[in-house]
Amino acid sequence: MRSSTAPMERPTAHAPSRSPFARTGLVMIEAFVAVTAIAGGTVLVIGALLPQTATAFSPPDGYLAGTPFTSYVVPGLVLAVVVGGVHAAAFILDLTRHPWRVLVAATAGFALLTWIFVQMIFIPFSFLQAIYFAAGLAEMGFIMLTLGITAIPRSDQDRRLP
């Protein structure tokens with residue numbers, strides 16, 4: 001029960017945490033995914049447009065069977081621009097401590113997980129899918145730490161319901 005002399009508590013929005021662990025982990029994943037997604041998407045597009053330049057990094061065209069794509073141009077652009085671009089934006093916003101940094105980081109994490117889920121429907125399992133799925137989960141975990149969603153109460157007073 002609340003004391004009649006106690007001031008009314010107002011709900012507050014979660015401000016991003018100052019946890020160096022969460023921030024460092026999030027920035028590292030954003031940078032890793034941005035660089036590798038932009039590079040991977042670029043390789044897919046170049047390999048599709050110039051087949052003579054296809055390398056070991058270009059997946060077989062047979063993986064496109066049963067998909068709406070006839071080449072890797074569109075998937076490569078989505079990988080580079082959407083997954084890589086949003087991660088690059090999240091990385092920059094995190095470094096500059098922009099107020100939208102957590103929202104863009106969450107968008108980037110969802111984009112990565114969605115990319116992996118869709119990819120696993122059409123492409124046989126590969127170790128890279130497991131790595132990027134783990135990166136997406138870790139990214140979402142760091143976001144939850146940043147928002148205080150996973151914070152552990154420090155005292156009995158913190159455990160009280162409002």
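Val102 and Val86 fall into different hydrophobic clusters, where Ile, Leu, Val, Met, Phe, Trp and Tyr are joined by side-chain heavy atoms under 4.5 Å apart, directly or via other members. Tracing side-chain contacts under 4.5 Å through hydrophobic residues (I, L, V, M, F, W, Y), one never reaches Val35 starting from Val104; they form parts of separate clusters. Ile131 and Ile116 fall within a single hydrophobic cluster, where Ile, Leu, Val, Met, Phe, Trp and Tyr side chains are chained together by heavy-atom contacts under 4.5 Å. No chain of hydrophobic side-chain contacts below 4.5 Å, direct or via other Ile, Leu, Val, Met, Phe, Trp or Tyr residues, connects Val73 to Ile123. Under the 4.5 Å side-chain heavy-atom criterion for ILVMFWY residues, a single connected hydrophobic cluster contains both Met120 and Phe69.
Contact record, Leu112 with Val33: CD2-CG2, 3.9 Å, taken as the closest heavy-atom pair. The two residues Ala80 and Thr42 make their nearest non-hydrogen contact at CB-N, 4.3 Å. Nearest heavy atom pair, residue Ala108 against residue Ala90, reads CB-CB, 4.3 Å. Heavy-atom minimum distance, Ala37 versus Val83: CB-CG1, 4.0 Å. For Leu77 against Val45, the heavy-atom pair with the smallest separation is N-CG2, 3.7 Å. Here the shortest heavy-atom pairing between Ala22 and Leu145 reads CB-CB, 3.9 Å.
Separating the CE atom in Met140 from the OG1 atom in Thr146 is a distance of 11.0 Å, to the nearest 0.5 Å. Interatomic distance, CG of Asp61 versus OG of Ser71, reported as 8.0 Å (0.5 Å rounding). The line from CZ of Arg101 to CG of Leu93 is 9.0 Å long, rounded to the nearest 0.5 Å. Rounding to the nearest 0.5 Å gives a distance of 10.0 Å between CG of Leu137 and CD of Glu139. We find the OG1-CG distance between Thr36 and Leu79 to be 8.0 Å, quoted to the nearest 0.5 Å. The CD atom of Gln119 sits 10.5 Å away from atom CD1 of Ile121, with the distance rounded to the nearest 0.5 Å.
Applying the ring pair (Phe, Tyr, Trp, His ring centres under 6.0 Å) test to pairs two or more places apart or on separate chains, those with a residue in residues 116-142 are Phe21-Phe142, Phe32-Tyr132, Phe117-Phe133.
Looking only at side-chain heavy atoms (C-beta outward), Arg23 and Arg97 come within less than 4.5 Å of each other. At a threshold of 4.5 Å between non-hydrogen side-chain atoms, the residues Pro59 and Leu44 count as touching. Using a 4.5 Å heavy-atom threshold, the side chains of Val78 and Trp115 count as touching. Proximity of Thr70 to Leu64: side-chain heavy atoms (C-beta onward) are nowhere separated by under 4.5 Å.
Residues that satisfy the side chain to side chain contact (heavy atoms under 4.5 Å, CB included) test with Ser126, not counting sequence neighbours, are Leu128, Gln129.
Side-chain contacts under 4.5 Å among hydrophobic residues (ILVMFWY), followed directly or transitively, place Val27 together with Phe91, Ile92, Leu95.
Atom CZ of Phe110 is surrounded by 12 or fewer heavy atoms from other residues, nucleotides or ligands within 6.0 Å.
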